[in-house]
Amino acid sequence: MASNGLLNGLKLYGSWASPYTHRVQLALKLKGLEFEYIEEDLTNKSSSLLLHNPIYKKVPVLLHGDHSIVESVIILQYIDETWTDNSLLPSDPYERALVRFWCYFIDDKLGTALGTVFKSAGEEQKLAVGEVHENLKLVEGELQEGVFKGRRFFGGEKIGLLDIVLGCGSYWLSVFEKVADVKLIDSEMFPLFCSWLKDFEEQPEVKEIIPAIDKLLEYAHGVRQLMLSLSSAAGDPTTTTTTTTTTNNTDDDQGSKD
Ligand SMILES: N[C@@H](CCC(=O)N[C@@H](CS)C(=O)NCC(=O)O)C(=O)O
């Protein structure tokens, strides 16, 4: 996307590996909106980020003229309501409600369980893997039986808001599988979800936004090692016992990649 914020007065504060940032980048791209992108160092947040998102202090933040808008799903809705061409939300109020419900579910349930898989080991991780499966089963059920049944995307023939929210994050499933040495997705378990994800990832606008998997793997590997060593230093017995195993597994993965 062009780095010229003049046209729409749009600036986006983001982080290159952040799926929440990718959501906003994708929505802006699908709407054909130009914006200025500002990469944040999340280990040393800028005073501008803290000024514009003083409560959560997170990316993404969208600036539109004098307004700062925070929280990715709220930003997506703001974009859709402000630039109404290529609508991301369905026109039917009930379908809009369903889209909003599943967006909430993705962050509240699926994202939370996935986060636990990433930062834990042993029994806690096993339980979190089970939760990810349960949540993916619900998404699969929705594709099989729900109002979205038979559609190419949740948005119909084109990517909609729910596709953006679920899709910008689902590529982490395969990254976490490698880094945390777990099995999260399987085309036999979740055939409709897997074919939806493949189609989503093949869209040219999506390809331009998702970083290279190798880069994500390297980044996620480093973050996981740091998280495990911090919890082991804090004396978490579950993580301490299993850190060695996990480290060995991921070292093996690294070895096989070389
Ligand atoms: N619910 C937020 C989540 C945003 C979020 O977690 N952003 C992360 C990057 S992926 C962040 O800024 N982390 C910095 C921190 O937690 O200090 C949204 O949807 O925008």
Side-chain angles (χ1 to χ4, degrees), residues 10-31 33 35 37-64 67-82 88-89 99-120 128 132 135 139 154 159-176 179-180 206 209-213 215-228 230-231 234:
L10 285 171
K11 278 187 190 180
L12 174 65
Y13 290 82
S15 171
W16 72 271
S18 158
Y20 306 102
T21 300
H22 300 154
R23 288 174 178 176
V24 179
Q25 288 173 310
L26 180 55
L28 291 167
K29 186 168 270 296
L30 291 168
K31 290 276 185 180
L33 294 166
F35 61 99
Y37 177 74
I38 299 148
E39 175 73 15
E40 271 295 320
D41 174 358
L42 295 179
T43 62
N44 182 22
K45 293 171 187 168
S46 71
S47 51
S48 299
L49 177 68
L50 301 178
L51 175 74
H52 293 298
N53 190 358
I55 298 182
Y56 289 112
K57 305 176 175 63
K58 291 185 178 194
V59 293
V61 174
L62 183 72
L63 295 197
H64 181 207
H67 301 305
S68 0
I69 305 108
V70 302
E71 284 297 314
S72 61
V73 177
I74 293 173
I75 299 173
L76 297 187
Q77 295 184 60
Y78 177 83
I79 292 171
D80 204 39
E81 285 167 7
T82 308
L88 299 173
L89 274 160
V99 165
R100 290 183 172 122
F101 168 80
W102 285 104
C103 286
Y104 182 76
F105 165 88
I106 287 156
D107 284 350
D108 182 46
K109 295 274 190 189
L110 183 57
T112 304
L114 200 53
T116 308
V117 169
F118 181 61
K119 63 182 182 218
S120 66
V132 170
N135 292 325
V139 173
F154 290 96
I159 290 177
L161 197 128
L162 180 51
D163 298 283
I164 297 175
V165 169
L166 182 61
C168 293
S170 288
Y171 44 84
W172 281 106
L173 288 163
S174 57
V175 173
F176 286 6
V179 171
V206 174
I209 282 160
I210 301 178
I213 292 300
K215 220 177 143 203
L216 290 175
L217 273 171
E218 190 186 340
Y219 171 77
H221 183 72
V223 175
R224 178 164 158 86
Q225 292 310 310
L226 182 68
M227 280 175 159
L228 290 178
L230 287 177
S231 50

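Just so you know, ligand 1 is whichever comes first in the structure, and atom 1 is the first atom listed for that ligand. A quick note: this is a predicted structure, and the numbers were derived from the prediction, not measured.
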**Prompt:** What residues come within 4.0 Å of ligand 1, counting heavy atoms only?
**Reply:** Ser18, Tyr20, Leu42, Lys45, Lys58, Val59, Pro60, Glu71, Ser72
Ignoring hydrogens and angles, write down the donor-acceptor pairs under 3.5 Å from the side chains of residues 161-176, residues two or more places apart or on other chains.
unit_1	atom_1	unit_2	atom_2	d
Asp163	OD1	Phe154	N	2.9
Asp163	OD1	Trp196	NE1	2.8
Asp163	OD2	Phe154	N	3.2
Asp163	OD2	Gly155	N	2.8
Asp163	OD2	Gly160	N	2.9
Ser170	OG	Leu166	O	2.6
Tyr171	OH	His22	ND1	2.5
Ser174	OG	Tyr171	O	3.2

**Request:** State, yes or no, whether a side-chain contact exists between Phe35 and Lys11 at a heavy-atom distance under 4.5 Å.
**Result:** no
**Asked** Just wondering, are more than 12 heavy atoms of other shown residues or ligands nearer than 6.0 Å to CZ in Phe101?
**Response** yes
Could you pull out all donor-acceptor pairs under 3.5 Å where a side-chain atom in residues 53-60 meets a protein atom, sequence neighbours excluded?
unit_1	atom_1	unit_2	atom_2	d
Asn53	OD1	Tyr56	N	3.3
Asn53	ND2	Lys58	O	2.8
Lys57	NZ	Pro54	O	2.9

**Message:** Is it the case that the side chains of Thr21 and Ser18 hold a donor-acceptor pair, with the cut-off being a distance below 3.5 Å and no angle test?
**Reply:** yes
**Results of ring pair (Phe, Tyr, Trp, His ring centres under 6.0 Å) for Tyr219 - residues two or more places apart only** = Trp16
